[in-house]
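Data block below; observations after.
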Amino acid sequence: MELRCVIRGCVPKKILVYGANFGGEIEDARNYGWEVNEKVDFNWKKLLQKKTDEIIRLNGIYKRLLSNAGVKLYEGEGKIVGPNEVEMTQLDGTKLRYSAKHILIATGSRAQRPAIPGQELAITSDEALSLEDLPKRAVVFGGGYVAVEFASIWRGMGATVDLFFRKELPLRGFDDEMRAVVARNLEGRGINLHPRSNLIELTKTEEGIKIYTDHKEELLADVVLFATGRAPNTKRLNLEAVGIELDNAGAVKVDEYSRTNIPTIWAVGDVTNRMNLTPVALMEGTCFAKTVFAGQPTKPDYNHIPCAVFSIPPLSVVGLSEEQALEQANGDVLVFTSTFNPMKNTISGRQEKTVMKLVVDAETDKVLGASMSGPDAPEIMQGIAVALKCGATKQQFDSTVGIHPSAAEEFVTMRSVTRRVTAGGKPKTTNP
Ligand code: NDP
C-alpha cells in the first residue's frame with residue numbers, strides 16, 4: 001500500500017499549482033501598483049525541493065498516525081494467496097505470510113500509456129511531479145484532469161504548452177458548457193489547444209522529442225506527458241488464483257458494501273474503478289470499517305460528490321451537469337448562468353470571465369447541479385455541496401444573503417432563468 005495521493009498525486013500537484021499561480025499573480029500585481037522588474041525568474045529546483053520536504057513530512061505524519069492507531073506496517077510487494085491469507089515480499093527480499101479474517105484490497109491505479117511508436121520517450125504524471133528541469137516546451141496528450149492540470153502548471157511557470165486531446169473539448173463527463181469555458185480559459189492563459197488530435201509517434205532528435213500527430217503536425221518538445229487515464233492495479237495481486245472477479249477494465253468487482261465475490265475479501269478506491277477520487281476512496285474505506293468492524297452495514301453514497309479540476313483557473317462542480325439533469329429529470333430543467341468579470345480583474349486588466357451555473361428541477365425547485373469556473377471555485381463549491389446534499393431548493397439559494405463583495409455571492413443572486421429546457425427537447429448527453 002502506498003499513500004499515493006500524498007506522495008504522487010493530489011498533494012504535490014496542488015503545491016505545483018500554487019507555485020504556477022504566482023506567474024499570473026505577478027502579472028496581475030502590476031496594475032495594483034506593484035513595481036515588478038521586467039525579468040521575473042522562477043526557480044523550479046527550489047520549489048521541487050520544498051515540495052519533496054513537505055511530502056516527506058506528510059508521509060511521516062501518516063505513518064505515525066497508523067502506528068499510533070496500532071497498525072503494523074509491512075513494506076514490500078504483496079499478493080493474495082487465499083481467502084484469508086496474503087504473502088508479502090518485504091523490501092529486504094524476505095517473504096512473509098499473514099492470515100486475517102478480512103482482507104481489504106486498496107492498491108489504486110496506475111497511469112496508462114497509449115501504444116504508439118516512441119511511447120517510452122513520454123512521461124506520466126508520476127515523473128511529471130519530480131522532473132529534474134522545468135520544460136521550456138511541453139506537450140500534453142489527453143483531455144482529463146491530469147492533462148489540463150499539468151498544462152496549467154507548466155504554462156503558469158512560463159513554458160510553452162501544447163495540449164492535444166481527441167474530443168472537441170477537454171474534460172469529458174463534465175457539463176458541456178463548462179468544458180467550453182475551461183477550454184477558453186486555458187487558451188486565454190496561453191496554452192495552445194489541439195482538439196480532435198492524436199499523437200501518433202514520438203522520436204528522439206538532437207533538438208528534443210519530436211511529436212507527430214494524425215493531422216500531420218510536427219512539433220518539438222522537451223517533455224511529452226501522457227495523461228490518458230489510469231488502469232486499476234490488479235495485475236500482480238494473484239487475484240485470478242483466488243477467483244476474485246474483475247470487470248472488463250480489470251477492476252475488482254464489488255457489491256454496494258465494497259465486498260468482492262469472495263466473502264472475506266473487500267476492495268475500495270481506484271482498484272474498483274467506481275469514482276476515482278481520493279475522498280471517495282476514504283468514504284468507501286470508512287463504510288467498509290463500519291460494515292465489517294462496527295456492525296453497521298453502510299453503503300458509500302455517491303450522490304452529490306463535489307470535485308475540482310485544478311486547472312488555472314479551476315473548475316469545480318457538484319451534482320448533475322445540464323446533460324445529466326436532462327436525462328434524469330422527469331420534467332423541465334431550469335438553467336441559471338452567470339458570466340462576469342471578477343472584481344480583481346477590473347483593476348488587473350486580466351481578460352478572463354468567471355462562469356457559474358445552476359441546474360434546477362423546474363417542478364420541485366431542487367438545485368440538481370452547480371458548477372463554477374473561476375478563481376477559488378473549489379473553495380466555494382465545498383459549501384454549495386453541503387446545500388445540495390441537504391436538498392436545497394433554488395428558492396433557498398435565493399433567500400440566502402450574499403457575502404459582499406465576493407464572487408461566491410453570485411450563487412445566491414442568479415434571479416433570471418437563462419433557459420428552460422425540456423427533457424428530450426435537447427439532444428441527450430453529447431459526446432463531442
Ligand atoms: P481521465 O480519465 O480524467 O482522462 C483521460 C483522458 O485521456 C481523456 O481525455 C481521454 O479521452 C484520454 N484518453 C484515454 N485514452 C486515450 C488514448 N488512447 N488516446 C488519446 N486519448 C486518450 O484520466 P487522467 O489521467 O486525467 O486522471 C486519472 C484519474 O485521476 C481520474 O480518474 C481522476 O479522477 C483522477 N484525478 C483527479 C484529480 C482531481 O480530483 N483534481 C486530479 C488528477 C487526477 P476521452 O475523453 O476522449 O476518452
Side-chain angles (χ1 to χ4, degrees), residues 4-18 20 108-117 119 122-129 139-153 163-176 179 182-183 186 193-202 211-215 224-233 249-251 269-284 302 305-318 321 323 373 377-379 381-382 385 429-432:
R4 158 161 271 285
C5 174
V6 178
I7 303 172
R8 280 204 289 264
C10 340
V11 176
K13 181 273 312 285
K14 185 80 186 280
I15 292 173
L16 298 188
V17 171
Y18 278 127
S109 58
R110 66 178 63 231
Q112 294 199 89
R113 287 166 168 274
I116 60 169
Q119 55 93 6
I123 58 167
T124 68
S125 60
D126 288 351
E127 299 85 41
L129 289 164
V139 161
V140 180
F141 185 29
Y145 285 82
V146 172
V148 298
E149 290 181 348
F150 272 96
S152 292
I153 287 169
L163 176 60
F164 292 82
F165 45 96
R166 61 187 180 185
K167 296 275 172 7
E168 178 66 31
L169 291 168
L171 297 175
R172 180 166 55 87
F174 286 84
D175 188 288
D176 286 349
R179 294 168 67 195
V182 172
L186 293 177
L193 300 191
H194 304 261
R196 300 180 304 279
S197 293
N198 284 288
L199 304 196
I200 53 167
E201 187 175 358
L202 308 179
I211 66 135
Y212 300 84
T213 77
D214 57 358
H215 290 309
V224 177
L225 170 69
F226 282 165
T228 45
R230 304 182 65 84
N233 256 335
D270 279 21
V271 77
T272 60
N273 198 23
R274 286 176 279 182
M275 196 178 275
N276 299 330
L277 297 169
T278 302
V280 175
L282 287 173
M283 169 179 68
E284 290 166 356
Y302 295 94
I305 291 176
C307 69
V309 183
F310 291 94
S311 45
I312 299 176
L315 167 72
S316 190
V317 308
V318 60
S321 65
E323 294 75 30
S373 168
E379 305 295 337
M381 202 56 66
Q382 184 67 76
T429 302
T430 50
N431 195 14

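Each ligand, and each atom within it, is numbered from 1 in the order the structure gives.
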*Report yes or no: do S321 and D175 form a side-chain donor-acceptor pair below 3.5 Å?*
no
*Mind checking whether F164 and F226 have ring centres under 6.0 Å apart?*
no
*So, the side chain of S197 versus the backbone of P195: is there a donor-acceptor pair under 3.5 Å, distance only?*
yes
*asked:* Once side-chain hydrogen bond (donor to acceptor under 3.5 Å, both in side chains) is applied, do any residues pair with R166, and if so which ones, sequence neighbours excluded?
replied: none
Please tabulate, one line per pair, the protein nitrogen or oxygen atoms found under 3.5 angstrom from a nitrogen or oxygen of ligand 1, with distances to 0.1 Å, or say none if there are no such pairs.
residue, atom, partner, partner atom, Å
ligand 1, 7 (O), A227, O, 3.4
ligand 1, 9 (O), G143, N, 2.9
ligand 1, 9 (O), G144, N, 3.3
ligand 1, 11 (O), R166, NE, 3.4
ligand 1, 25 (O), G229, N, 3.1
ligand 1, 26 (O), Y145, N, 3.1
ligand 1, 26 (O), V146, N, 2.8
ligand 1, 34 (O), N276, O, 2.9
ligand 1, 41 (N), E149, OE2, 3.0
ligand 1, 41 (N), A308, O, 2.8
ligand 1, 46 (O), R172, NE, 2.8
ligand 1, 47 (O), R166, NE, 2.7
ligand 1, 47 (O), K167, NZ, 2.6
ligand 1, 48 (O), R166, NH2, 2.9
ligand 1, 48 (O), R172, NE, 3.2
ligand 1, 48 (O), R172, NH2, 2.7

*Rounded to the nearest 0.5 Å, what separation is found between the CG atom of N198 and the OG1 atom of T213?*
8.5 Å
*Are N276 and N273 close enough that a side-chain donor and a side-chain acceptor fall under 3.5 Å?*
yes
